[in-house]
Amino acid sequence: FTPPADGKYAVFVIGGGGAGGSFKATESQPGCASGGAAGGYAMKTLTLSASVTYTVTIGAGGATNYSGGGNNVGSTGSTGGASSFSGTGISTITANGGTGGNYGQYSASGVASGGTASGGDINNTGGGSGNVTVSQTYQTASTGGGAVGVLTTGLTSPNSLNPNAGASYGTAGASMV
């Protein structure tokens with residue numbers, strides 16, 4: 001990135017979000033998957049020079065690792081990529097990616113963790129994902145992903161616990177703050 005003119009600029013850096021976990025259950029078996037976590041967020045006001053080319057790296061969102069195949073199998077989502085802004089005369093600003101969601105037959109615990117950030121005037125950790133638990137066969141459940149935190153730490157998606165027998169359900173992702 002080359003600024004059009006010398007001056008003060010607000011630079012915003014957000015890490016890639018983690019992919020959600022996945023699980024393929026048979027009709028008579030339970031299955032759970034949690035959403036991926038949000039990337040970190042950094043903001044810094046910088047004095048930039050039109051004579052300098054700055055390096056912008058945009059972290060990709062995490063990829064799903066589900067390979068298909070048989071029943072009662074799943075995979076953890078991949079971590080999102082790190083994003084950064086760097087160049088001559090400035091300190092690097094970095095926002096790391098959120099971790100991927102989990103999976104399991106009766107629970108998907110060990111929630112995804114939000115990415116961290118550094119080098120900004122503001123450095124916020126992204127929101128994670130909630131836990132998922134079912135207690136009976138014929139149940140499936142999931143959670144949404146975490147949210148980026150602009151004003152404060154990102155919000156974590158709600159837990160998704162114990163539906164009625166035979167139910168499939170999920171919770172929404174968290175909202176950005």
Side-chain angles (χ1 to χ4, degrees), residues 12-42 55-85 93-118 123-150 153-164 166-177:
F12 303 89
V13 180
I14 300 174
S22 61
F23 190 83
K24 181 181 178 187
T26 62
E27 188 176 300
S28 63
Q29 295 295 316
C32 299
S34 63
Y41 168 89
T55 301
V56 176
T57 302
I58 300 172
T64 182
N65 290 319
Y66 184 66
S67 60
N71 292 315
N72 301 321
V73 296
S75 65
T76 300
S78 294
T79 296
S83 299
S84 64
F85 186 86
I93 304 162
T94 302
N96 294 303
T99 62
N102 207 348
Y103 73 96
Q105 195 164 18
Y106 282 93
S107 70
S109 57
V111 299
S113 300
T116 58
S118 62
N123 299 296
N124 291 330
T125 299
S129 65
N131 286 307
V132 185
T133 303
V134 297
S135 60
Q136 301 174 34
T137 57
Y138 301 102
Q139 294 177 327
T140 57
S142 63
T143 64
V148 171
V150 174
T153 299
L155 297 176
T156 295
S157 64
N159 291 331
S160 188
L161 307 170
N162 294 320
N164 296 324
S168 294
Y169 67 106
T171 61
S175 298
M176 190 165 82
V177 292

For the atom pair OH (Tyr41) and OG1 (Thr125), what is the distance rounded to the nearest 0.5 Å? 13.5 Å
Which residues pass the side chain to side chain donor-acceptor pair (under 3.5 Å) test with Thr64, sequence neighbours left out? none
Can you give me the closest heavy-atom contact between Gly128 and Ala37, atom names plus distance? CA-CB, 3.9 Å
Looking only at heavy atoms, which two atoms of Ala19 and Gly62 are closest? And how far apart? CB-O, 3.3 Å
Taking all atoms of both residues into account, what is the closest heavy-atom pair of Ala38 and Val148, and its distance? CB-N, 3.6 Å
Find the distance between CZ (Phe12) and CD1 (Ile93) and round it off to the nearest 0.5 Å. 10.5 Å
Report yes or no: does Thr79 contribute a side-chain atom to a donor-acceptor pair with the main-chain N or O of Gly97 at less than 3.5 Å? no
Which heavy atom of Gly59 sits nearest a heavy atom of Ser83, and at what distance? N-OG, 2.8 Å
For the side chain of Ser129 and the backbone of Ala112, is there at least one donor-acceptor N/O pair under 3.5 Å apart? yes
Under the side-chain contact (heavy atoms from CB on, under 4.5 Å) test, which residues partner Tyr103, sequence neighbours left out? Phe23, Thr76
Scanning both residues in full, the closest heavy-atom pair of Asn123 with Ala42 reads OD1-CB, 3.6 Å
Determine the sole option in Thr133, Thr143, Val134 for which the side-chain contact (heavy atoms from CB on, under 4.5 Å) test with Cys32 is passed. Val134
Just to verify, what does Thr116 make a side chain to side chain donor-acceptor pair (under 3.5 Å) with, not counting sequence neighbours? Asn96
Donor-acceptor pair, Ser34 side chain versus Asn102 backbone, under 3.5 Å? yes
Output all residues satisfying ring pair (Phe, Tyr, Trp, His ring centres under 6.0 Å) with Phe85, sequence neighbours left out; order by chain, then residue number. Tyr54
For residues Gly145 and Ser157, report the shortest heavy-atom separation together with the two atoms involved. O-CB, 3.5 Å
Donor-acceptor check, side chain of Ser113 to backbone of Thr99, threshold 3.5 angstrom: yes or no? no
Please name all residues satisfying side-chain contact (heavy atoms from CB on, under 4.5 Å) with Thr57, sequence neighbours left out, ordered by chain then number. Thr55, Ser84
